[in-house]
Amino acid sequence: MIHITNFNYKPGEHEAEKASNSYLMSLIALIAGLPLPIINLIATLIFYIGNRKGTYFVRWHCTQALLSQLSMLFVNSFGFWWTISILFTSETITNKYIAYIIAAIIFNLTEFIATIYTAIQTRKGIHIEWWFYGNLTNLICKSES
């Protein structure tokens, strides 16, 4: 799921801190707005916008964090609204609902652990590419050199 690669240069202390903060932003937002799935995306988007003109290392990691939060929005929103419909309508809990919630919890836990690991490694100046998101980020975020 996670692939460690090397950039052509060693990022400075300030760059590593900003890149690491792009991942931490989603974790802080998770704590602040737990029941609303869009809070994480908004917090990560604001951080991305504030750093989109930063160095390539910072922009790259802000983009990867944003892409991961975008996919989390879809997974969590579907589960959130399905739960709301069960609570406030005549819909009942089914095996499909339970399976989806279990899958969503596993997906969220995996993303949570990967985010913590990536934030720690990125803070050390180590470039971490996530499976799927890393390839998308490479397509979106181009080096200016």
Side-chain angles (χ1 to χ4, degrees), residues 1-88 93 95-145:
M1 180 175 151
I2 295 176
H3 184 268
I4 299 173
T5 60
N6 292 322
F7 261 41
N8 295 334
Y9 68 97
K10 177 83 172 145
E13 185 72 21
H14 186 64
E15 289 177 87
E17 182 178 2
K18 278 190 170 185
S20 177
N21 287 345
S22 67
Y23 298 102
L24 293 177
M25 186 61 59
S26 65
L27 297 177
I28 292 168
L30 174 70
I31 294 165
L34 189 60
L36 299 174
I38 197 159
I39 301 296
N40 296 2
L41 181 65
I42 291 170
T44 308
L45 179 64
I46 290 168
F47 194 82
Y48 169 80
I49 290 170
N51 290 289
R52 70 180 183 264
K53 295 188 181 184
T55 63
Y56 178 60
F57 187 76
V58 174
R59 282 185 294 118
W60 196 96
H61 285 283
C62 286
T63 304
Q64 180 171 258
L66 182 63
L67 290 173
S68 72
Q69 287 306 308
L70 185 62
S71 67
M72 295 301 293
L73 174 71
F74 292 117
V75 170
N76 292 339
S77 290
F78 189 76
F80 176 79
W81 289 112
W82 196 351
T83 302
I84 294 297
S85 71
I86 288 171
L87 293 174
F88 295 109
I93 296 175
N95 287 339
K96 288 180 183 179
Y97 172 77
I98 293 170
Y100 186 84
I101 293 302
I102 290 171
I105 289 170
I106 291 170
F107 189 64
N108 276 274
L109 284 175
T110 304
E111 197 268 344
F112 184 78
I113 292 167
T115 298
I116 291 171
Y117 175 78
T118 305
I120 292 168
Q121 296 303 312
T122 305
R123 181 66 176 95
K124 295 176 185 176
I126 300 170
H127 179 64
I128 303 291
E129 289 187 16
W130 291 10
W131 174 81
F132 184 71
Y133 301 118
N135 292 334
L136 281 176
T137 304
N138 286 328
L139 292 172
I140 294 169
C141 190
K142 299 294 181 190
S143 174
E144 295 177 325
S145 56

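Atom CD1 of I101 and atom CD1 of I106 lie 11.5 Å apart (nearest 0.5 Å). With rounding to the nearest 0.5 Å, the separation of CG in L41 from OH in Y48 is 12.5 Å. In this structure, I105 CD1 and N76 CG are separated by 10.0 Å, a value rounded to the nearest 0.5 Å. In this structure, the separation between CG on N40 and CG on L45 is 12.5 Å, given to the nearest 0.5 Å. Between T115 atom OG1 and I128 atom CD1 the span is 12.0 Å, to the nearest 0.5 Å. The NZ atom of K124 sits 4.5 Å away from atom CD of Q121, with the distance rounded to the nearest 0.5 Å.
Between R123 and E13, at least one side-chain N (NZ, or NE/NH1/NH2) sits under 4.0 Å from a carboxylate O, which counts as a salt bridge.
In this structure, the side chains of F132 and T137 stay at 4.5 Å or more apart for every pair of heavy atoms. Between T83 and Y97, some side-chain heavy-atom pair lies under the 4.5 Å cut-off. The shortest side-chain heavy-atom distance between F107 and S71 falls under the 4.5 Å cut-off. Counting heavy atoms from C-beta outward, I116 and L24 have side chains that stay 4.5 Å or more apart. Using a 4.5 Å cut-off on side-chain heavy atoms (C-beta onward), E111 and Q69 make contact. Residues N135 and L139 are not in side-chain contact: their nearest non-hydrogen atoms beyond the backbone lie 4.5 Å or more apart.
R59 approaches R52 most closely through the heavy-atom pair CD-O, 2.7 Å. Closest approach of A65 and S22 over heavy atoms only: CB-O, 3.6 Å. Of all heavy-atom pairs between A19 and F57, the closest is CB-CE2, 3.6 Å. Scanning all heavy atoms of the two residues, the minimum distance from L136 to L67 falls at CB-CD1, 3.7 Å. Heavy atoms only, all atoms of each residue included: A16 and G125 are closest at CB-N, 4.0 Å.
Each of T122, T63, N51 was checked for a side-chain contact (heavy atoms from CB on, under 4.5 Å) with V58, and the lone residue meeting it is N51. When the options E15, K18, E129, H127 are evaluated for a side chain to side chain donor-acceptor pair (under 3.5 Å) with H61, the one that passes is H127.
For the residue pair Y23/T44, the side-chain donor-acceptor check at 3.5 Å is not satisfied. Q64 and S68 share no side-chain donor-acceptor pair at under 3.5 Å.
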